Amino acid sequence: MTTQDNLVLSTPSPTEGLPAFRDWSRRMRDEHPVHFDEARNAWQLFRYDDVMRAHQDHNVFSSRLDKVMPEIGDLGRGSIVIMDPPQHRKVRTLVSQAFTPRTVRGLAPRITEITEELLSAVVDRDRFDLVSDLTYPLPVTVISELLGLPVEDREFFRRSIDARLSRDFVRVEDALTDEELIASMEEANSYMLDHVRVLRRQPGEGLISKLITAEVDGEKLDDVEIVNFANLLFAAGHITTTMLLGNTMLSLDEHPAAAVELRADPDLIPSALEEVLRTRTPVSMTFRATATDVDLHGRTIPANSLVALWLFAANHDERQFGEPDTFDIRRDPNPHLGFGQGIHFCLGAPLARLESKIALEILLRRFPELRVLRDEVEIYPNTRIIGTRRLPVAPR
Ligand code: HEM
């Protein structure tokens, strides 16, 4: 394949709009289902069946990304997403014990309270930024309380996360240099380490304290492992839900009839959220490392290659979904891959679903009309995620 081909096939930025992204992913599914992306130095898979299989076959598609990206180094130690069995199972069992369906259900009254409080602060305004005023503070408050971190620090968290999300690891127009990115991650690590040390001396109720005292096969997790795990839970535990809620607002603004239906029948909210996860997949891709050569659609992905599994593209595959570009809040079944699949299936999916459902119910009830000020919306310029950084809205 020529360099020219590679340019034509290079991923559009989500800032170019959803149709461009959908068209590109259709072309890749049809013409280049197994593609080597020189810029990313990674193979890419696009079709639903291939992406599904790669998530399920963890012996061939390993999560040990540190083996193909040694630069991950200590930053990845203890991070469940880059573990394979048997270590993965042990750690997942341990966190799952602290993060039971009962714990999640028990959070409903607090989620309702936070949402009502946040919306009371903006209800009389002509316009507000849905991200700063609701979709960011709600999940960050919930996950901070769950982990046992001081909620007052949320502006620090936001700066740190925002800096990292504004950068795609291949795009030349990235805002952040390597040094700045590393500095931002180190800042987040040292913040978390300070808290882990405090909680070691004085354990509290939160999940971090449980991780400190928990044992995996008779061994406790060390500080680096706890810090990395807490960072992952913290980041994965809020910004993704921020994206889902913002993406929902955008989708409803584009499909006003769906918004009317949801206001009339809030029982449809859960299935509408699943359709947003499918059509505006917040985590647009996951990564794996091949443990062996893989022959697929006439190409061979060599062992020890980095592979990007395109959840967004799989979620629009016409081989799996009827009329994949149609936003259908009643789609049933809707086996989208927005939360991944297999042993790494999102641990926080029940929490994300609960938070988003409660927030959307209250938002739609308290604002009988809400218009997105489309010219002012800011989309993250990062192909790995689909979401808004700023989402100005006006009650009509
Ligand atoms: C894993 C998406 C919310 C914690 C994943 C994966 C995806 C995902 C695609 C699979 C990663 C892979 O296979 O490599 C999302 C989306 C969310 C969301 C779209 C919101 C709409 C949350 C929340 C939490 C969370 C609220 C925590 C409270 C995790 C963790 C993993 C994970 C710990 C790793 C699980 C493992 O490796 O076994 N998530 N997530 N996520 N998610 Fe989420």
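Both counts, for ligands and for their atoms, begin at 1 and track the order of listing. Just so it is clear, the model here is predicted, and its values are computed rather than measured.
Listed by first then second residue, pairs satisfying salt bridge (charged side-chain N to carboxylate O under 4.0 Å, His left out) with a partner in residues 333-354 read Glu274-Arg353, not counting sequence neighbours.
In this view, His195 and Tyr191 satisfy the ring pair (Phe, Tyr, Trp, His ring centres under 6.0 Å) rule, not counting sequence neighbours. With sequence neighbours left out, Ser305 forms a side-chain contact (heavy atoms from CB on, under 4.5 Å) with Trp43, Thr290, Ile301, Pro302.
Scanning Met285, His344, Met243 for the heavy atom closest to atom 10 (C) of ligand 1 points to His344. Looking at Arg89, Arg288, Gln341, Met83, it is Arg288 that brings a heavy atom closest to atom 13 (O) of ligand 1.
Figure legend: Arg331 and Phe321 shown without cation-pi pairing, the cationic atom not lying both under 6.0 angstrom from the six-membered ring centre and within 45 degrees of its axis.
Between Val131 and Arg389, every side-chain heavy-atom pair lies at or beyond the 4.5 Å cut-off. Using a 4.5 Å heavy-atom threshold, the side chains of Val276 and Phe327 count as touching. Using a 4.5 Å heavy-atom threshold, the side chains of Val140 and Phe234 count as touching.
Ranking protein heavy atoms by distance to atom 34 (C) of ligand 1, first place goes to Val81 CG1, 3.6 Å. Closest protein heavy atom to atom 19 (C) of ligand 1: Gly338 O, 3.6 Å. Looking only at heavy atoms of the protein, atom 35 (C) of ligand 1 is closest to Arg92 NH1, 3.4 Å. Looking only at heavy atoms of the protein, atom 11 (C) of ligand 1 is closest to Thr286 CG2, 3.8 Å.
The minimum heavy-atom distance between Pro12 and Thr383, with the atom names listed, is O-CG2, 3.5 Å. The nearest pair of heavy atoms linking Phe21 to Thr11 is CE1-CG2, 4.0 Å. The minimum heavy-atom distance linking Ile208 with Ala230 is given by the pair CD1-CB, 3.9 Å.
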Derivation and outcome, side-chain contact (heavy atoms from CB on, under 4.5 Å), residues Asp49 and Arg319
CA-CA 9 Å; Asp49 285 352; Arg319 294 161 192 80; over 6 Å; no

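Close approach of ligand 1 to Ile343 is summarised as follows: ligand atoms under 4.0 Å from at least one heavy atom of the residue are 38 (O). Listed by number with element, the atoms of ligand 1 under 4.0 angstrom from any heavy atom of His88 are 36 (C), 37 (O), 38 (O). Contact atoms of ligand 1 toward Ile80: 34 (C), 36 (C), 37 (O), 38 (O) (distance under 4.0 Å to a heavy atom of the residue).
Between His344 and His58, the ring centre distance reaches or exceeds 6.0 Å.
Ligand 1 lies nowhere less than 4.0 angstrom from a heavy atom belonging to Val95. Distances from ligand 1 to the non-hydrogen atoms of Glu355 include no value under 4.0 Å. No heavy atom of Leu309 sits closer than 4.0 Å to any atom of ligand 1.
Proximity of Leu244 to ligand 1, defined as any heavy-atom pair under 4.0 Å, is confined to the side chain (atoms from C-beta onward). Of all the heavy atoms of Ile143, the ones lying under 4.0 Å from any atom of ligand 1 belong exclusively to the side chain. Here Leu311 has side-chain heavy atoms under 4.0 Å from ligand 1, and that is the only part of it that gets that close.
Of the candidates Ile386, Leu277, Ile385, Leu277 is the only one forming a side chain to side chain contact (heavy atoms under 4.5 Å, CB included) with Pro282.
Within a radius of less than 2.8 Å around atom 43 (Fe) of ligand 1, the protein N, O or S atoms are Cys346 SG.
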